[in-house]
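Quick note: residue numbers are just sequence positions, from 1. Order of listing sets the numbers, starting from 1, for every ligand and every atom in it. Below, all heavy atoms of this structure are taken into account, side chains as well, without hydrogens, waters or symmetry copies. In this text, all values refer to a predicted model and were calculated from it rather than measured experimentally.
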Amino acid sequence: MGTLARIAPSILSADFAHLARDLDRISNADFIHVDVMDGHFTGNLTFGPGMVAACKRSTDVPLDVHMMVSNPDETIGWYVEAGADMITVHAEASTHLHRTVTYLKEHGVKAGAVLNPATPVGVLEDILPELDMVLVMSVNPGFGGQRFIEGTYAKLDRLQALCRAVGAHPLIEVDGGISAANIEDVARHGADVFVAGSAVFGSSDPAAEVQRLRSLAQSGIDTAEADAA
Ligand code: DX5
Ligand code: ZN
């Protein structure tokens, strides 16, 4: 019992020309989710380490850097230097995931692995005990505002079963298409960190939306924990 719901607004949906203002608007968030895209792993291009460093100077909320790049093992040091608190790399793109996770931990940065919608949870079996977080993509990465893929629920169930089987307890983050309409259901399937871009920044009061999403998610987590007890 006692798992806390955490909300990670994605600045992909912020106004890039008023980023400090938008970061101020979500100062009650648990993480700031920063989507690094290289125009190669994804068909979109966003931020590099300079943006991560600028965010670090602008907010006290921990930075959750989601690397959607083709060569994360080569460039991950840029984001460690820039002040990332947590970095997630795609299992599909990292050739040396164990080495990269070890590197992050040695540098005091929380380490996570990301799975695209078509990647089975089993690829993480051997690394799962080393991970601080698993990020399950509930859309194909690249853009905000996409529709949540319903098969994510069954995938979260499989991930929970795998975590139990290997005795691992990573945070489970879900990214893509999360809103007040589905966050409670997603939480019931074992997620505890929720990325939300368009739902938060599309709201006229982003801080209130963060709070609303967090309480809905918390009630999903509490229901799941009561059912399991
Ligand atoms: C998608 C990104 C997401 C995106 C989510 O590739 O990884 O973090 O910002 O946006 P919404 O919440 O609008 O689906
Ligand atoms: Zn993301």
Heavy-atom closest pair, residues [X] and [Y]:
X	Y	answer
Gln218	Ala5	OE1-N, 2.8 Å
Ser27	Val61	O-CG2, 3.7 Å
Met68	Pro141	SD-CB, 3.5 Å
Thr3	Ile221	O-CG2, 3.6 Å
Asp85	Val109	O-CG1, 3.6 Å

In terms of residue, atom name and distance, what is the protein heavy atom nearest to [atom]?
atom	answer
atom 9 (O) of ligand 1	Ser10 OG, 2.7 Å
atom 3 (C) of ligand 1	Asp175 OD1, 2.9 Å
atom 14 (O) of ligand 1	Gly177 N, 2.8 Å
atom 1 (C) of ligand 1	Phe143 O, 3.6 Å
atom 10 (O) of ligand 1	Gly144 CA, 3.5 Å
atom 6 (O) of ligand 1	Gly142 N, 2.7 Å

Distance-only side-chain donor-acceptor flag, Asp35 / Thr46, under 3.5 Å: no

His66 and Asp64: side chain donor to acceptor below 3.5 Å: no

Tyr79 ring center near Phe47 ring center (under 6.0 Å): no

Reported CD1-to-OG1 distance for the pair Ile87 and Thr100, which is rounded to 0.5 angstrom: 10.0 Å

Nearest-0.5 Å distance that lies between atom OG1 in Thr42 and atom NE2 in His90: 8.5 Å

Mark up the atoms of ligand 1 that fall under 4.0 Å of a heavy atom belonging to [X], in ascending order.
X	result
Gly176	14 (O)
Met137	7 (O)
Leu12	4 (C), 9 (O)
His33	8 (O)
Ala196	12 (O)
Pro141	6 (O)
Met68	6 (O), 7 (O)
His66	7 (O)

Contacts of the Zn ion (ligand 2) with protein N/O/S atoms, counting only those under 2.8 Å: His33 NE2, Asp35 OD1, His66 ND1, Asp175 OD2

Can you confirm, on distance only, whether ligand 1 has an N/O atom lying under 3.5 Å from any N/O atom belonging to [X]?
X	value
Gly145	yes
Val195	no
Gly197	yes
Ser198	yes
Asn140	no

Backbone of Pro117 reached by a side-chain donor or acceptor of Lys155 within 3.5 Å: yes

Connected via hydrophobic side-chain network under 4.5 Å: Leu45 and Val34: no

Phe194 vs Phe31, ring-ring contact (aromatic ring centres under 6.0 Å, His included): CA-CA, chis, key distance, verdict: CA-CA 10 Å; Phe194 305 84; Phe31 294 106; over 10 Å; no

Flag if over 12 foreign heavy atoms under 6.0 Å of CG, Asp126: no

Side chain to side chain donor-acceptor pair (under 3.5 Å) partners of residues 185-197, not counting sequence neighbours, each pair once: Asp157-His189, Asp185-Arg188

